[in-house]
Amino acid sequence: MEDVVIAGAGPNGLMLACELALAGVRPLVLERLPEPTAENRANGLVGQVVRLLDRRGLHDRLAGPITPPAPAFVFGALRLDLTLAERNPLHRLGVPQRRVEAMLGERAAELGVEVRRGHELTGLAQDADAVTLDVTGPDGPYRLRTRYHVGADGGRSVTRKLTGIGFPGVTEDRTLSYTANATVPEEFTDPESGGLRVPGHGVIPPFFHYRTETGLFVYAPFAAGPLVTTMEWTDGEEAENEPPMTLDDQRASIRRVLGFDLPLGAPEGDGPHLLRRLRGHNTRLAGKFREGRVLLVGDAAHVHSAIGAPGLNLGLQDAVGLGWKLAATVRGWAPAGLLDTYESERRPVAERVVMHTQAQSALLAPGRDVTALRELFGELLRLPSAVQHVADLMSGADVRYEPGTDHPLDGRWAPDLVLADGTRLAELTATARPLLLDFTGSLGDELRGWTDRVDLVSGEADGDATALLVRPDGYVAWATSSAEPADTERKALRVALERWFGGPLDA
């Protein structure tokens with residue numbers, strides 16, 4: 001009997017496996033593909049997920065120390081000037097998804113996680129005690145029994161289909177996008193901005209979604225080689241027996257979108273090089289994230305437009321939000337209903353991502369009415385309060401889980417504290433254990449009974465809070481700003497400890 005089996009060894013499945021292993025549960029990961037895919041499905045990370053990787057000590061593995069947030073971003077092909085925001089939450093990490101996946105695979109191996117490649121889930125049934133999985137591997141079919149099963153197997157999730165969970169939503173087939181690694185002659189590049197000089201359009205900034213009345217153009221000069229993307233609106237009819245995409249197709253699309261023949265050249269280096277045509281996209285949300293002993297994370301639970309790069313931001317945080325709760329359930333100390341809070345917390349976040357990606361897609365559409373709407377949005381995005389709202393929405397910094405007290409930090413992502421001795425909160429959270437940060441020096445006795453599950457950190461730190469109870473996923477479960485917490489605050493701390501981490505040992 002396995003404790004947890006995960007279907008899917010993509011970033012979300014591997015992140016979940018690492019979280020479970022850190023919490024003392026060794027999952028088994030099944031992956032249909034015999035080798036990691038060479039296709040690069042994303043080119044970077046945006047939002048809270050960058051800080052999340054930092055708090056697990058994983059940012060250093062990808063790109064060294066975390067850097068300040070980006071000074072600007074884009075919303076619906078409109079510039080988002082983040083210097084206007086009081087707090088800039090939009091961190092960016094420009095690394096390809098395949099590197100993220102490789103790094104998480106290495107980390108999972110270090111933690112003793114078994115990943116079986118070339119093993120495909122073909123059947124699933126569950127009873128009151130376990131889930132029975134039918135699997136086909138290189139040596140033929142076999143059967144597994146597991147206490148819990150998690151589908152991290154993408155938008156076409158076999159887990160979701162076999163469990164009978166619905167996937168309602170819409171399919172948008174009016175767009176056709178072309179993406180290619182290609183080179184651009186040096187005379188077209190702008191040395192100051194890194195963007196492109198295009199006659200009739202001026203300088204198109206790098207990584208910026210540039211809309212015209214006929215489509216969308218993006219020039220992304222990544223270190224590994226430039227990436228050029230166009231998107232056009234079509235009648236929705238798909239051509240039969242469409243041949244593979246070529247660079248000529250990309251050139252023709254640029255001509256239609258920009259009205260200019262941009263002389264693209266073949267990509268440099270060994271690759272792999274991307275040459276991809278995509279028609280439309282899906283926006284769907286699973287009817288439920290949990291059915292008995294089966295759970296869904298990432299694209300298995302939600303799919304949406306890639307605009308704004310929210311996919312891994314949402315999926316990896318799903319994995320971290322589920323990991324500690326599932327581990328607590330397997331290990332037997334989870335309070336009643338803890339596993340149910342995975343859906344009640346993460347589903348509303350997914351709904352907001354679906355909302356803002358659909359809103360951005362609407363702002364990209366052709367037509368004078370959309371152009372007028374964009375003009376209005378452009379005015380709004382010059383207001384600091386509007387910039388802050390949109391930045392928080394796109395990064396996920398606006399997430400607040402149901403608080404247990406009226407403290408403004410309760411239910412929110414814990415601030416990036418630095419202790420007086422120079423220790424960063426990110427260094428303290430690498431173990432994925434709950435933390436009581438006590439800067440009053442008076443709360444140690446309240447933790448008695450939970451020291452097997454919650455670590456106590458004392459010292460001094462700048463900030464409004466004098467004590468914080470931080471969950472393994474980085475969110476605050478209780479906070480105070482009192483120099484000497486009152487009895488009512490201490491009682492609230494004990495309530496939060498029991499609510500999230502079970503009863504005390506002496507009970």
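What's counted below: heavy atoms across the whole structure, side chains too, no hydrogens, waters or symmetry copies.
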Shortest non-hydrogen contact between Ala328 and Leu338, atoms and distance: CB-CD2, 3.9 Å
Judged by modelled atom types alone, do Asp438 and Ser458 share a side-chain donor-acceptor pair under 3.5 Å? no
Taking only residues two or more places apart in sequence or in another chain, which ones pass salt bridge (charged side-chain N to carboxylate O under 4.0 Å, His left out) with Glu460? none
Between atom CD1 of Ile307 and atom CD of Gln360, what is the distance when rounded to the nearest 0.5 Å? 4.5 Å
Distance col, row Asp455:CG vs Leu436:CG, nearest 0.5 angstrom, shows 10.0 Å
Just checking, is any N or O donor in the side chain of His407 or Thr480 under 3.5 Å from an acceptor N or O on the other one? no
What's the spacing between Glu343 CD and Leu339 CG if we round to 0.5 Å? 10.5 Å
Main chain of Gly367, side chain of Thr371: is a donor-acceptor contact present, judged purely on distance under 3.5 Å? yes
Just so I know, are the side chains of Val353 and Thr357 near enough to count as touching, which here means a heavy-atom distance under 4.5 Å? yes
Return the set of residues passing ring pair (Phe, Tyr, Trp, His ring centres under 6.0 Å) with Phe75 (not counting sequence neighbours), or none when no residue passes. none
Side-chain donor or acceptor of Asp3 paired with backbone N/O of Pro27 under 3.5 Å: no
Can you tell me if Glu31 uses its side chain to pair, donor with acceptor, with the backbone of Ala9 under 3.5 Å? yes
So, is the end of the Arg160 side chain (NZ or CZ) under 6.0 Å from the ring centre of Phe167 and within 45° of the ring's axis? yes
State which residues pass ring pair (Phe, Tyr, Trp, His ring centres under 6.0 Å) with Tyr210; sequence neighbours excluded, sorted by chain then number. His201
Glu351/Arg347 ion pair, N-O < 4.0 Å: yes
Just wondering, do Glu484 and Ser442 contact through their side chains at under 4.5 Å, heavy atoms? yes
Worked check of ring-ring contact (aromatic ring centres under 6.0 Å, His included) between Phe73 and Phe207: CA-CA 9 Å; Phe73 201 61; Phe207 304 102; over 10 Å; no
Mind jotting down which residue pairs meet the side-chain hydrogen bond (donor to acceptor under 3.5 Å, both in side chains) criterion with at least one end in residues 300-313? Sequence neighbours excluded, please. His302-Asp318, Asn313-Gln317
Name all pairs fulfilling the ring pair (Phe, Tyr, Trp, His ring centres under 6.0 Å) condition that reach into residues 450-498, sequence neighbours left out, sorted by first residue then second. Tyr401-Tyr475, Trp413-Tyr475
State whether the number of non-hydrogen atoms from other residues, nucleotides or ligands found under 6.0 Å of Asp462 atom CG is greater than 12. no
Do the non-hydrogen side-chain atoms of Leu435 and Leu469 ever get within less than 4.5 Å of each other? no
Answer yes or no: is there a side-chain heavy-atom contact under 4.5 Å between Leu316 and Pro11? yes
With distance as the sole criterion, is a donor-acceptor pair present between the side chains of Asp464 and Ser481 under 3.5 Å? no
For a 4.5 angstrom cut-off between non-hydrogen side-chain atoms, does Leu121 reach Thr159? yes
Please tabulate, for the side chains in residues 15-24, all donor-acceptor contacts under 3.5 angstrom to protein atoms that are two or more places apart in sequence or on a different chain.
residue	atom	partner	partner atom	Å
Glu19	OE1	Arg56	NE	3.4
Glu19	OE1	Arg56	NH2	3.0
Glu19	OE2	Arg56	NE	2.8

Audit row: Asp340, Arg290, salt bridge (Lys or Arg N to Asp or Glu O under 4.0 Å) steps and yes/no: CA-CA 8 Å; Asp340 290 327; Arg290 179 189 178 191; 2.6 Å; yes
Looking only at heavy atoms, what is the nearest atom pair of Leu380 and Ala386, with distance? O-CB, 3.1 Å
Can you name the nearest heavy-atom pair linking Arg26 to Leu111, along with the distance? NE-O, 3.0 Å
Kindly compute the distance separating CG (Leu82) from CZ (Arg87), expressed to the nearest 0.5 Å. 12.0 Å
As an exercise, state the distance from CG of Leu296 to CZ of Arg346, rounded to the nearest 0.5 Å. 14.0 Å
Whether Arg211 side chain and Ala365 backbone form a donor-acceptor pair below 3.5 Å: yes
Side-chain donor or acceptor of Asp410 paired with backbone N/O of Ala479 under 3.5 Å: no
Would Leu326 and Val25 count as a side-chain contact (heavy atoms from CB on, under 4.5 Å) if you check the C-alpha gap in whole Å, the side-chain angles of each, and the deciding distance to 0.1 Å? CA-CA 9 Å; Leu326 183 54; Val25 174; over 6 Å; no
So does Gly8 get a backbone contact from the side chain of Asp153, meaning a donor-acceptor N/O pair under 3.5 Å? no
Donor + acceptor pair across side chains of Ser361, Glu172 (<3.5 Å): no
Applying side-chain contact (heavy atoms from CB on, under 4.5 Å) to Leu437 and Leu425, what does each step give before you reach the verdict? CA-CA 9 Å; Leu437 305 174; Leu425 177 60; 3.9 Å; yes
Is there side-chain contact between Arg448 and Asp445, with heavy atoms separated by less than 4.5 Å? yes
Could you tell me if Arg284 and Thr171 have a donor-acceptor pair between their side chains, going purely by distance under 3.5 Å? yes
Using every non-hydrogen atom in the two residues, find where Lys325 and Glu345 come nearest and quote the distance to one decimal. NZ-OE1, 2.7 Å
Where the side chain of Glu489 meets the backbone of Ala486, is there a donor-acceptor pair that is under 3.5 Å apart? yes
Contacts of Arg79 that satisfy side chain to side chain donor-acceptor pair (under 3.5 Å) - sequence neighbours left out: none
Could you tell me if the side chain of Arg424 sits less than 4.5 Å from the side chain of Leu419, heavy atoms only? no
N/O donor-acceptor pair under 3.5 Å between Thr466 side chain and Phe439 backbone: no
From Leu417 atom CG to Leu468 atom CG, the distance as rounded to the nearest 0.5 Å: 6.0 Å
Does Arg374 use its side chain to pair, donor to acceptor, with the backbone of Ala77 at less than 3.5 Å? yes
Taking ring pair (Phe, Tyr, Trp, His ring centres under 6.0 Å) as the test, write out the residues that go with Phe501, two or more places apart. Trp324
Could you tell me which residues satisfy salt bridge (charged side-chain N to carboxylate O under 4.0 Å, His left out) with Asp473, sequence neighbours excluded, listed by chain and number? Arg471
Decide yes or no for Arg92 and Leu45: does some side-chain heavy atom of the first lie under 4.5 Å from some side-chain heavy atom of the second? no
If every non-hydrogen atom of Arg61 is compared with every non-hydrogen atom of Glu110, which pair is closest and at what distance? NH2-OE1, 2.7 Å
Quick one: does His149's side chain have a donor or acceptor within less than 3.5 Å of a partner on Val5's backbone? yes
Partners passing side chain to side chain contact (heavy atoms under 4.5 Å, CB included) against Arg412 (at least two apart in sequence or in another chain): Arg400
Could you pull out all residues at least two apart from His209 that satisfy side chain to side chain donor-acceptor pair (under 3.5 Å)? none
Suppose we screen for side chain to side chain donor-acceptor pair (under 3.5 Å). Which residues come up paired with Ser395, at least two apart in sequence or across chains? none
